[in-house]
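Whatever order the structure lists them in is the order used to number ligands and atoms, beginning at 1.
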Amino acid sequence: MAPKKSYSLETELVFSKSGDQYNASVPPLYQSATFKQDSLSNMGEYDYTRSGNPTRTHLQNHLAKIMKAKTTFAVSSGMGCLDVITRLLKPGDEVIAGDDLYGGTNRLLTYLHKKGDIIAKHYDTTNTELIKSKINSKTRMIFLESPTNPLIKVVDVKSIAHHAHQINPDVIVVFDNTMMSPVLMTPLDLGVDIQYESATKYLNGHHDIMAGVLATRSDKLAEQLYYVINSTGCGLSPFDCWLLSRGLRTLAIRVERQQQNCIKIAEFLKNVGFKVRYPGLKDHPQYELHSSMCRGYGAVLSFETGSVKLSERIVENTDIFGIAVSFGCVNSLISMPCKMSHASIDAKTRKERDFPEDLIRLCIGIENADDLIDDLTKALLRSGAVRVNERDELFNVIGLQPKL
Ligand SMILES: Cc1ncc(COP(=O)(O)O)c(C=O)c1O
Ligand SMILES: N[C@@H](CCSC[C@H](N)C(=O)O)C(=O)O
């Protein structure tokens, strides 16, 4: 029987052929900046690691299968991906962006806008008709993220990408898939031109490297992206490529467990009476849309408490949940986006975009779900957010209703 061309994602994640001369079980690490030539006229496949390195090539080929891309590039961070992508724009180009993109994404687009390099316009991407009405022949790029970090807004990627390409086949639809990872979503199948992810998060999963991954099916875009990566020198270092290859092998099992835990925690918080934002809850306003685009719901949720001070007390009273930015790691984290990951968006803009200052974000890891719920219960009790009634049930002191 001929070997299958491709396997299921879980298998592809762990199965990779290294092509190593000794058949090493793990892809070898080529920790070398430069490569000797056979002769002056024969450079060989690699000359210099900024331009290419066998460990990076191995990782990129592996990622291409996983992301269903023709070409992928591994670079030094998620923001590095956005830097590479925005260098494809020309002065005065118009871009349309979501109004709840990750804070760092918002910062870079705002920087380029203020410098006069691009004209960036931000809209609520949950309003598909609004976004469609804003796309015109001047639009060069569209930046989308779904579910958004941290307001968990869902974007109709397929419909927006299709409409954009009808208006102008050259418009580049860019999608940040950090929240879902390739396990739960394949944005290139939905008409996206360039997908990128902060590999610092789920793809690596251990918070021991910074990395970013770009993916495309277009040879033209791949050529342009590579040109920028080689010119600016942001390609991922060999050791970080090697670590990312290692982390990638457990991606499916990590995401599955993180999601199982997150669903339990979302339901727990909802039952206590908080306003919980998680696309896996049936009362999320875009539950159906999300379910139609993704294979799962991820492991990031946010909830409001009704008071900044109360949120601060909750965050500072957990033990297992670490107070830290980032997500997608094996351990659980708690944060207040307005003070941490999204502090780079000024308070006025946050207000205009209905960004709740009391929002708490939970990034769920692979620990035991009951331990995590106990940890949260303790923090909620210690902070005074909940009390126990005579039937030993938790009830929400501030009486928030569980609705979005
Ligand atoms: C959704 C999202 N995209 C991109 C980034 C940027 O990635 P990195 O921190 O790897 O630069 C982050 C976080 O930093 C993020 O949360
Ligand atoms: N100080 C950093 C904040 C990084 S936030 C990391 C991550 N995307 C998250 O959402 O937690 C900065 O200014 O970029």
Under 4.0 Å from any heavy atom of Lys201, which atoms of ligand 2 are there?
7 (C), 8 (N)
Between Asp124 and Arg353, is the salt bridge (charged side-chain N to carboxylate O under 4.0 Å, His left out) condition met? List the steps.
CA-CA 8 Å; Asp124 177 0; Arg353 295 181 185 173; over 6 Å; no
Can any side-chain N or O of Asp193 pair as donor or acceptor with the backbone N or O of Val173 at less than 3.5 Å?
yes
Between Asp375 and Thr318, is there a side-chain donor-acceptor contact under 3.5 Å, judged purely by atom types and distance?
no
Under 4.0 Å between a side-chain nitrogen and a carboxylate oxygen: does that hold for Glu304 and Arg277?
yes
Please write down residue, atom name and distance for the protein heavy atom closest to atom 4 (C) of ligand 2.
Tyr102 OH, 3.3 Å
Check step by step if side-chain contact (heavy atoms from CB on, under 4.5 Å) holds for Ile118 and Thr86.
CA-CA 9 Å; Ile118 61 169; Thr86 51; 5.5 Å; no
Measuring to protein heavy atoms, does anything land under 4.0 Å from atom 1 (N) of ligand 2?
no
Is there a side chain to side chain donor-acceptor pair (under 3.5 Å) between Asp100 and Thr148? Walk through the geometry before answering.
CA-CA 6 Å; Asp100 183 37; Thr148 58; 2.4 Å; yes
Tell me if a side-chain donor or acceptor on His290 pairs with a main-chain N or O of Gln286 at a distance below 3.5 Å.
no
Looking only at heavy atoms, is any part of Glu145 under 4.0 Å from ligand 1, and if so is it the side chain, the backbone, or both, or is it neither?
side chain
Atoms of ligand 1, numbered as shown, that sit under 4.0 Å from any heavy atom of Asp176
1 (C), 2 (C), 3 (N), 4 (C)
Any N or O of Lys201 closer than 3.5 Å to N or O of ligand 1:
yes
Between His342, Met79, Met210, flag the one that comes closest to atom 9 (O) of ligand 1 by a heavy atom.
Met210
Here the atoms of ligand 2 under 4.0 Å from any heavy atom belonging to Ser341 are 5 (S), 9 (C), 10 (O), 11 (O)
Looking at ligand 1, does any of its N/O atoms fall within less than 3.5 Å of an N/O of Thr105?
no
How does Thr178 reach ligand 2, by side chain, by backbone, by both or by neither, if only non-hydrogen atoms under 4.0 Å count?
neither
Treating Arg217 as the side-chain partner and Lys68 as the backbone partner, does any N or O pair qualify as donor plus acceptor under 3.5 Å?
yes
For ligand 1, which atoms have a heavy atom of Ala211 less than 4.0 angstrom away?
10 (O)
One should read off an interatomic distance between Asp99 CG and Tyr123 OH, to the nearest 0.5 angstrom, of 11.0 Å
Among the heavy atoms of Arg361, does any lie under 4.0 Å from an atom of ligand 2?
yes
Decide whether the shortest distance between a heavy atom of Ser326 and an atom of ligand 2 is less than 4.0 Å.
yes
Distance from atom 16 (O) of ligand 1 to nearest protein heavy atom, with residue and atom
Asn149 ND2, 2.9 Å
Mark up the atoms of ligand 1 that fall under 4.0 Å of a heavy atom belonging to Phe327, in ascending order.
16 (O)
Do the side chains of Lys339 and Glu312 get close enough for a salt bridge, i.e. N-O under 4.0 angstrom?
yes
Which of the numbered atoms in ligand 2 are under 4.0 angstrom from any heavy atom belonging to Arg107?
12 (C), 13 (O), 14 (O)
